[in-house]
Amino acid sequence: MARVVVDVMLKPEILDPQGQAIAGACSRLGFEGIDQVRQGKRFEVEVEGEVDEAKLADVRRLAETLLANTVIEDFEVRPA
């Protein structure tokens with residue numbers, strides 16, 4: 001089994017209230033110099049066989065169809 005990672009993040013122009021809450025908590029907890037936080041999701045997909053371009057294309061289709069809302073989110077697919 002091989003693993004492919006899909007990172008999903010809100011597009012930069014989309015408001016991220018959870019990220020803003022985390023950034024606000026950083027200063028209250030003593031973490032100085034944190035200006036902005038963006039919160040996202042990480043998926044680890046196990047695939048049969050080796051990770052080649054065909055497998056990466058399949059996982060990209062999976063991400064576009066199921067893992068990410070491509071209207072408001074960007075995603076990146078890479079071998080683990």
Side-chain angles (χ1 to χ4, degrees):
M1 288 284 183
R3 185 172 292 157
V4 177
V5 173
V6 180
D7 291 313
V8 179
M9 295 291 295
L10 287 171
K11 291 183 177 185
E13 62 272 14
I14 302 297
L15 180 66
D16 183 356
Q18 188 170 3
Q20 289 177 331
I22 294 166
C26 286
S27 62
R28 290 192 304 275
L29 295 172
F31 296 100
E32 300 302 324
I34 306 289
D35 185 46
Q36 182 179 1
V37 175
R38 301 286 291 175
Q39 184 267 332
K41 301 177 277 191
R42 173 186 164 120
F43 298 92
E44 295 182 357
V45 181
E46 289 192 3
V47 297
E48 293 179 357
E50 296 295 317
V51 175
D52 56 14
E53 285 306 314
K55 291 277 171 66
L56 288 174
D58 285 344
V59 175
R60 277 188 202 94
R61 277 196 359 252
L62 171 68
E64 288 175 338
T65 305
L66 183 63
L67 304 180
N69 177 348
T70 57
V71 173
I72 62 169
E73 295 174 317
D74 291 325
F75 66 89
E76 178 184 337
V77 176
R78 61 184 166 79

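Quick note: residue numbers are just sequence positions, from 1.
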Q | Carboxylate-amine/guanidinium contact Asp58 Arg61, below 4.0 Å | A | yes
Q | Val8-Val5 co-clustered via ILVMFWY side chain contacts under 4.5 Å | A | no
Q: Answer with yes or no whether the hydrophobic clustering places Val47 together with Phe43; edges join I, L, V, M, F, W, Y residues whose side-chain heavy atoms lie under 4.5 Å apart.
A: yes
Check [X] against [Y] and note the closest heavy-atom contact, atom names and distance.
X     : Y     : value
Phe75 : Glu64 : CZ-CG, 3.4 Å
Leu15 : Arg38 : C-NH1, 4.4 Å
Gly49 : Ala2  : O-CB, 3.3 Å

Q.
Going by side-chain hydrogen bond (donor to acceptor under 3.5 Å, both in side chains), Asp7 matches just one of Arg78, Arg42, Lys41. Which one?
A. Arg78
Q: Starting at CD of Gln39, measure out to CG of Leu10 and round the result to the nearest 0.5 Å.
A: 7.0 Å
Q. To the nearest 0.5 Å, how far apart are NZ in Lys55 and CZ in Arg60?
A.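 Here the rounded value is 14.0 Å.
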(Q) Tell me whether the count of non-hydrogen atoms from other residues, nucleotides or ligands lying under 6.0 Å of CD in Glu48 goes above 12. (A)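 Atom CD in Glu48 is not packed in, count stays at 12 or less.
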With heavy-atom distances below 4.5 Å as the criterion, would you say the side chains of [X] and [Y] are in contact?
X     : Y     : result
Lys11 : Ile72 : no
Asp16 : Gln18 : yes
Ile34 : Ser27 : no

(Q) So if I apply the side chain to side chain contact (heavy atoms under 4.5 Å, CB included) rule between Val77 and each of Leu67, Leu62, Val59, which one comes out positive? (A) Val59
